[in-house]
Each structure stands twice: as structure tokens, then as C-alpha cells.
Amino acid sequence: MQKTTFIVIAVVLAVAAAISGAWFAARLGAPPAPPEHARLLSTPRPVPAVPALDHRGADFGRADYEGRWTIVFFGFTHCPDICPTTLNVLAGARRLLDDLPEAARPAVTMISVDPGRDTPERLAEYVPFFHPEFRGVHVPAQHLPELARSFGAAYAYAPLEDENYTVDHTASVFLVDPEARVAGVFPTPHTAEGIATDMRRIMDLENRR
Amino acid sequence: MKLTCLFRAGLLALLLCAGHGAQAETTQAEAKASDAESPAVTDAWVRRVPPAARMTAGYLRIHNPGPEPVAIIGAGSPFFGSVEMHGTITVDGMSRMREHERLEVPAGETLSFEPGGLHLMLMQAREAIPASGEIPFTLLLEDGRSIDFSASVGQPGS
């Protein structure tokens, strides 16, 4: 009788030790890998509250960033090369993260640096083409400088022929944390694999805090 | 600048017409150059864009097997009202796109038009930009020759 009790206790202890060992190994054993491409800010900056509309015409504000990570790209629809290239890369990165629970998959947003031509309707015809969950954001021209500045993004209008124009713009991709703060930058060049791997690492680091 | 553009556009229109008609106006350069030494275009594709897009970009490789450099001074397509050669340069994370009026392909070398770099900027689509199929193009060279090729509409990596 005594012997059986002893064995039961021993087995329970062994199992408990194994589980806690595995837990500690998972939590502390492997040092968290830092992101390879992204530069994380030591002091994240809150995204300012400026009026904006998403491509469906709904208000888009700080609350839309809260609760999940958001990848932000500053672009415009009359951009034949770098914007579709970047949006394709981001769509690839998002697809690589499809195994994550829905709430953990990062949102992707293109903020237009060309509010004069990029109405919400036009953004609706363009942005979701790359991925059905991507959101286009229209910020009125008078508020765009404040928003861009908070990200550290720049843009400038450059004339083309026939009164046409193009927009020089920051090609880096930004990261907004679930508390609606600008938390990091992916400098160029971008690859889907690089961004997806870094997103996993960044979310992993955050979960260990 | 404006005049040069008009001139180039005119020349290109002429070439496009000539190309589709009888090959009556064979230039001396064309007569001299053997096929083996003629620059050739490969891997040409046009980025598939949302139906609403007014413009897109074309990419290609052009190889110059000849002993002399060749220069591209224009491009055209019956599908687009305007085709320009543009280059995207990204400096300190800032992307700028500028027109190139002339691009040289050194002897024996290949010039690549690829995403994030050189591209044919395709503007003023005559009808909706097709989502698949082939789009015909002509490159105009400084020596009077031209290169006809077609580019398939698609998406990289798909």
C-alpha cells in the first residue's frame, strides 16, 4: 500500500517536473530571436488622431489600429512600379502568416500620399485587388503632413508632362503596434519571407514581455 | 524638350505604322545589321493591375550581342497612348521615379527592366488594361532600327 502511494507520488512529481521543465525551456531556454530586417523604435510614437476614411468610406482612426499589429505603407494608385511591387510583397507576407489565429495576423493598410486623386472609391478599386483584407486609407491633404511626420514618412509632388504628376514617397514599410503606436520600420528592399519571419519574431518578443 | 518629345512621338507613330505595313523603308542600319548582331528582347511582361488602374508598368531584358553600344530612345504600344522609359531610384528609403529619354545597352551586355528599377511606364490605356494575354510593343533605337516584341500580362511569382 505504502509502496503504491510512493510510486503514484513519484510519477506525479516526474510528470510535473517534465511539464514545468518544458515550459521553462520554451519560455527562457531559446533566447528570443531579434527581427532581422525591421528596425524597432526604442520609444514607440502614438499615431496622431487625424480625420481619415477607409476605402469603404468609413471613418478610420486610432481605434482601427488597436488590438493587432498593422503594417502601413504610404503609396498612391497612380504609381506603376514601386507601389504594386510593395503591395504584392505585403500580400505574400500576409499569406505566409495565414497559419496564425485570425486576430494575430497583421492588418495591412496603404495610406495614400495622393489624396487629390485617391478618393475612397478609387482606393476601393485598387487596394483590395492585392489582398481582400487590405485597407486603403484616404487622409485629407491638410492632415496628411502631420500623419506622415509621426511615422517619419516623407512625400513630395513631382511634375510629369501634360500637367500630370507623380509622387516621390518613402518606400519603407512601417509597423504600428496594437496600442496604435508607430513601433518599427522595415527599410527597403522588402521580401515577403523577410517581413513574415520578422513579424513572427516581433510578435513573439512582445508575447514574452 | 517638348519638341523632342513631339518629334519622338511622331517618329514612333511613323515606325509603328511602317512596322505594320509593308517593310518598304528599310534603313541602311537595318540592312547592314545581321540578325545575329541585332539586340533582342526577352522575358517581357506587363504587370497585371486592378481593373480601375489607368496605368501599369512593363518589364523586359534587352541583350545587345553586337560590337557597338545601342541606345533606346523611345517605346510605344498600340494599347497605350503614351509609353515612357522610367527608372525608380530609392535613396534613403525615399522612392523617386524619373523619365529616361535615352538608355544605352553596352556592347555584349544585357539591360534589365525590373520592378523597383527601370520600367516602361504605360499610360493612357486605350481600353481597359487586359488582365491576361499579350500586349505588343516596339522599342525605338537611336540608329533607326526598332524592335517589335510582345509582353504577357501577369504577376511576378504567380
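So that the names make sense, note that chain A is the first sequence line, chain B the second, and so on, each numbered from 1. As the structure is a prediction and not an experimental result, all values here were calculated from the model.
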Using side-chain heavy atoms (C-beta onward) and a distance below 4.5 Å, is B:R98 in contact with A:D168? yes
* **Student check: side-chain heavy atoms of B:M55 and A:H78 closer than 4.5 Å** => yes
Does [X] [atom1] have over 12 foreign heavy atoms under 6.0 Å away?
| X | atom1 | answer |
| --- | --- | --- |
| A:R45 | CZ | yes |
| A:E102 | CD | no |
| B:R61 | CZ | no |

For residues 116-139 of chain A against chain B, heavy atoms under 4.5 Å, the residues are A:R122, A:E125, A:Y126, A:F129, A:F130
If one checks every heavy atom of B:M97 against chain A at 4.5 Å, the contacting part turns out to be both
Honestly, the part of B:T90 sitting under 4.5 Å from a heavy atom of chain A is side chain
B:A57 and A:P80 have their tightest heavy-atom pair at CB-O, 3.4 Å
Nearest heavy-atom contact between B:G116 and A:I82 is CA-CD1, 4.0 Å
Counting heavy-atom pairs under 4.5 Å with chain B, which one of [options] comes out on top?
| options | answer |
| --- | --- |
| A:A158, A:G92, A:A171, A:S172 | A:A171 |
| A:A154, A:A153, A:A192, A:A156 | A:A154 |
| A:P84, A:C79, A:P189 | A:P84 |

Here the gap from A:T85 atom OG1 to B:Y59 atom OH, rounded to the nearest 0.5 Å, amounts to 4.5 Å
Interatomic distance, CG@A:N88 vs CZ@B:R47, rounded to 0.5 Å, equals 5.5 Å
Whatever's closer than 4.5 Å to a heavy atom in chain B on A:T170 counts as both
